[in-house]
Structures are given as C-alpha cells and as structure tokens.
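So that the names make sense, note that chain A is the first sequence line, chain B the second, and so on, each numbered from 1.
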There are 2 protein chains.
Amino acid sequence: MNESRKYKTKKQVSEPTLKRLPGYLYFLEQQKEEGVLNISAPTIGKKLSCDPTQVVKDLSVTGIKGKPRVGYNTYELIHALEEFLGFNRINEAFLVGAGNLGSALMAYQEHQELGLKIIAAFDTDEVKIGKSVGGIHILDYNKLFTLSGRLNVKIGILTTPNNVAQDVAEDMVNCGVRAIWNFTSANLDLPEDVIVQTTSMSSYAAVLLRRLNDSDK
Amino acid sequence: MNESRKYKTKKQVSEPTLKRLPGYLYFLEQQKEEGVLNISAPTIGKKLSCDPTQVVKDLSVTGIKGKPRVGYNTYELIHALEEFLGFNRINEAFLVGAGNLGSALMAYQEHQELGLKIIAAFDTDEVKIGKSVGGIHILDYNKLFTLSGRLNVKIGILTTPNNVAQDVAEDMVNCGVRAIWNFTSANLDLPEDVIVQTTSMSSYAAVLLRRLNDSDK
DNA sequence: TCAAATTAAAGAAAAAATTCTTTAATAACT
DNA sequence: AGTTATTAAAGAATTTTTTCTTTAATTTGA
C-alpha cells in the first residue's frame, strides 16, 4: 500500500493508538498540576474508562518504562509523549480558506499546545485579504507560491469550499506541503507520499445521529 | 458493555462504516449533479480509493440493492443514505460555549446538510450574551434549564473550555440531552446511555504530526 | 528480612474490520 | 437467442486491534 513504509525501521504506530495519545497527555498534565508524581496504568485506565493493558501498550510507544507498584513518572511520561507526538516542536502550517471554520482554527488557542503554528492564511476573497484573525494575516491566495518558496512549510490546513479543495490541495503540494489537514468533504486525489488527514464534521455527525436514532428503539 | 444494545433487533452498524457513509453520500450527490443515474461499487471505490467490496458492504446497511452490470440507482441510494443517517430530518441541538470554535460551528453552513439545526447557543460571558452568530442567538447559560423544559432537544454541542466541560455536560444531560458532540479535550464521565461523540482536534493533529515525522526518515 | 500485593511487560486469545474469493445474476454484445 | 463480461452478494480468509492471561519485578508492610 503505502510505499513510503517499506523503508521504515520500526513499525508504524497504529492510528487508534495515536489518536488516544493526546487524551493521555491531557490527563497527565492535569495530574501533574495536582502534584501527582507517579501514576499507574490502571489509574489512567479507570479515569479514562479504557482497558489498563491497552494503556500500557499505548504508552510503550514512547519508550518510557513504568515501575511495578509505582507506575510511570508523570513528568517523564508527559515529556516523552510530547516528544513522540511532536507537540513540543514548532510545526508551521499554512491555512487556505479563511471562512468560518478557517477563522475559528486561526483563532483557536489550543493549537499552540499541539506545537502547530499557522504562520499565514490565504483566501481569494478580497474582503478578507489584508485582515487578520487571531494575529494571523490573511493574504491573497496568489501569493501562496511566491511565499512558500522561502518558508519551507510542510503542513497545509484546508478549509476551503469543497469544490475548490482538490485544486488548492494540489497547489499546496506543489508549494512543498507534505501533509494536509483536510476539513472539507472532498475526496482528495494526491500523490501517495502526501499525508492527508481528513477531519470530516459530517462523519462525526453521522455517527452521532445514527447512534441517537439507534437508541430510541 | 453498552446496555442499551441488548434490546436491539438488528446489529449496530460499525463506526468505521458509519464514518465512511457521508463520503459516499457527498460523492453520489456530485455524480447526481452530473447526471449519473446509475453507479457501480467499483466506480465508487476507484474514485474514493477504497476497496470495492467494502463499498458494497458499507452501502448494504441502507437496504438498497444494486443490479449486476448496472450498479446502484444514484437517486435511490442518496435518498436511502440520507434516511439512514438522519440527514433529511431536522435534528435540533443546543450549543454551549460560544467561543471561537462554537461561533464557527454556529456560522457553519454545512450543518444544515446534516439536518443539524442549532436552535440556541449558551454562554456565561456577558459580552457574548444577547448577540447572534449565523442567525443563532447566544443566551445566558442560566436559561438553559428553563428553556430546555419546553424544547425537548436531544443533541448538545459542547465547545466550552476544558475545565467546565464535565459540569456543562452533566447539565445538558439533566436538561434531556441524549447525545453530546464533544469538542473539548475533557474525558467526560456520564451515564452509560448518553451518546458521546468526541471530535478531538488534538487526536487529528497527533496522527498528522506523527505521520509527517515518520515520513522524513 | 521476608511475605504479600500491585504493577508493567510480553505474549496468547479474542474480537473486529478489511480484503479476498466464489457464486449467481443480468445487461450488453455478437 | 446465446455468449461474454461485469457486477453485487455472501461467505472465507486475512489482517488489525483489543482484551485476556501469565510472568517477573519491586515496593510496601509485617
């Protein structure tokens, strides 16, 4: 499948595991605030209502070892998780499409905790161009190519209307973007080695609405 | 596990399948626009780069049958998917926390395609109370209880700061909410029968950043 | 110092999801 | 009308993920 995988030395961590890691991190940071120095997998599992052995397996990807009868060192584990996830680095990103969702992501403070820094936003709407949201300037989309040459940005956040998503995604790739966080409903057709992470609101809505419907008989 | 399941007659559709369904729906609507009356699973699979037999399995949940050598009737399938997902009904929701993300969701047009209608937003910030975003009024959080008595709203959208998420979620449940779309990082501890769908930005960021890191050596 | 209890780690088993294979149907072409 | 190619459907096999079980380590308390 993914051709880029075959040169990997260590096995890729599974997506379910990766998605759970920020949850552990958030909880551990809470615990650290409360002065908890050590924490065991069963304690984490109980609080997050998941299987303790799964907690152990998930956390093992960081390389941190826990001590029997003591658990993990909170600080050490937090640090290792941040390191593993790349949250303690600065990961620069472009955002294209400064509409409602795009603006919200620009203003969203918590991205900084993820080490994600949107350094510029682009749009074609002249009303938006020149303005700033959350301290991030909205630039003319035409400047994407000239700007990207200097900046070496690897991450693109795609919050355009669906009908232009494919074109913009291709432009991003041509500008050196290697990973796209796709908030549109478009099914992006891009080179194999481009990482596409789609966050589809409608997928979540689908699960929610269906489960709700299931539940009332 | 989920006690509410044991009274189910037909088996619950798996979450991976549910999450894929809106993708099919979006694609089918595009095809319909272009005048495509029938479409085969292999065609869908090719375009959405997924396994054709998986397409067949996924679509079978709607009860629609395809014809050999012809495929599915586009219109019929769209209708069945909308019906199955509840996108053609009006699903009323409360939103609590009219910050950046909350406001974006209020203004987000595409929710209407999901049949999701935010009928009121609540916040404790007096600066926000009384204003409107996307035609939705922001009300005093204290009015949640009095208002919910009349309205019988089943869905709650949670976009508060993390530290109040648990309390607000409990309030929602006490107001009759049966399903919560959780955008916070909090690990909500709620009664078994409450449906919680967490859309964690950090989970997506984790996968994206890690895969990007994996890919460069 | 020596049990006892708790825990992480590693591997086995189970469950879930995806992919593969076979079969039967049917529309298009000869 | 008969043949061929394409397709959906159903079930088998594979893969992935989660849960269970066992083992070994180690701190605590007697």
A.B. asks: Look at the side chain of A/Arg210 and the backbone N and O of B/Phe84, then say whether any donor-acceptor pair between them is shorter than 3.5 Å.
C.D. replies: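 Yes: the side chain of A/Arg210 pairs with the backbone of B/Phe84.
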A.B. asks: Using a cut-off of strictly less than 4.0 Å between a heavy atom of the residue and any atom of DNA chain C, enumerate the qualifying residues of residues 36-60 of chain B by number.
C.D. replies: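 B/Asp51, B/Thr53, B/Gln54, B/Lys57 - these, ordered by number, are the residues of the stretch whose heavy atoms sit under 4.0 Å from the strand.
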A.B. asks: When you check the side-chain N and O atoms of A/Thr198 and A/Ser200, is any donor under 3.5 Å from an acceptor?
C.D. replies: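 Result is no, nothing qualifies.
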A.B. asks: For A/Tyr141, is there any backbone N or O sitting under 3.5 Å from a side-chain donor or acceptor partner on A/Thr124?
C.D. replies: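 No, the answer is negative, given that no donor and acceptor are paired below the 3.5 Å cut-off.
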A.B. asks: Find out whether the Lys NZ or Arg CZ of A/Lys67 is both under 6.0 angstrom from the six-membered ring centre of A/Tyr72 and within 45° of the ring's axis.
C.D. replies: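 Negative - A/Lys67 is either too far from the ring of A/Tyr72 or too far off its axis.
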A.B. asks: Does any non-hydrogen side-chain atom of B/Leu212 lie less than 4.5 Å from one of B/Leu208?
C.D. replies: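 No - every pair of side-chain heavy atoms lies 4.5 Å or more apart.
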A.B. asks: In whole angstrom, give the distance that lies between atom CD1 of A/Ile64 and atom C1' of C/dA9.
C.D. replies: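 These atoms are roughly 15 Å apart.
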A.B. asks: Donor-acceptor pair, distance only, cut-off 3.5 Å: does the side chain of B/Thr159 make one with the backbone of B/Val96?
C.D. replies: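 Side chain of B/Thr159 to backbone of B/Val96: a pair is present.
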A.B. asks: Among residues 13-29 of chain B, which ones have heavy-atom contacts with DNA chain C below 4.0 Å?
C.D. replies: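 Within this stretch, B/Ser14, B/Pro16, B/Arg20 sit under 4.0 Å of the strand.
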A.B. asks: Any side-chain donor paired with an acceptor under 3.5 Å for B/Glu34 and B/Gln30?
C.D. replies: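 No, because no side-chain N or O of B/Glu34 sits under 3.5 Å from a partner of the opposite role on B/Gln30.
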A.B. asks: Can you tell me how far apart CD1 (B/Ile118) and OH (B/Tyr108) are? Round to the nearest 0.5 Å.
C.D. replies: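 OH of B/Tyr108 is found 11.5 Å from CD1 of B/Ile118.
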A.B. asks: Are the side chain of A/Asp123 and the backbone of A/Ala98 linked by a donor-acceptor contact shorter than 3.5 Å?
C.D. replies: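 At least one qualifying donor-acceptor pair exists.
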A.B. asks: Would you kindly give the CD-to-P distance between A/Gln12 and D/dT16, to the nearest whole Å?
C.D. replies: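 Distance, rounded to whole Å: 11 Å.
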A.B. asks: Return yes if some donor-acceptor pair links the side-chain N/O of B/Gln166 with the main-chain N/O of B/Asp189 below 3.5 Å, else return no.
C.D. replies: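 Answer holds: yes.
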A.B. asks: Using atom names, set out every protein N or O paired with an N or O of nucleotides 26-29 of chain C below 3.5 Å, distance rounded to 0.1 Å.
C.D. replies:
| unit_1 | atom_1 | unit_2 | atom_2 | d |
| --- | --- | --- | --- | --- |
| C/dA27 | N3 | B/Arg69 | NE | 3.4 |

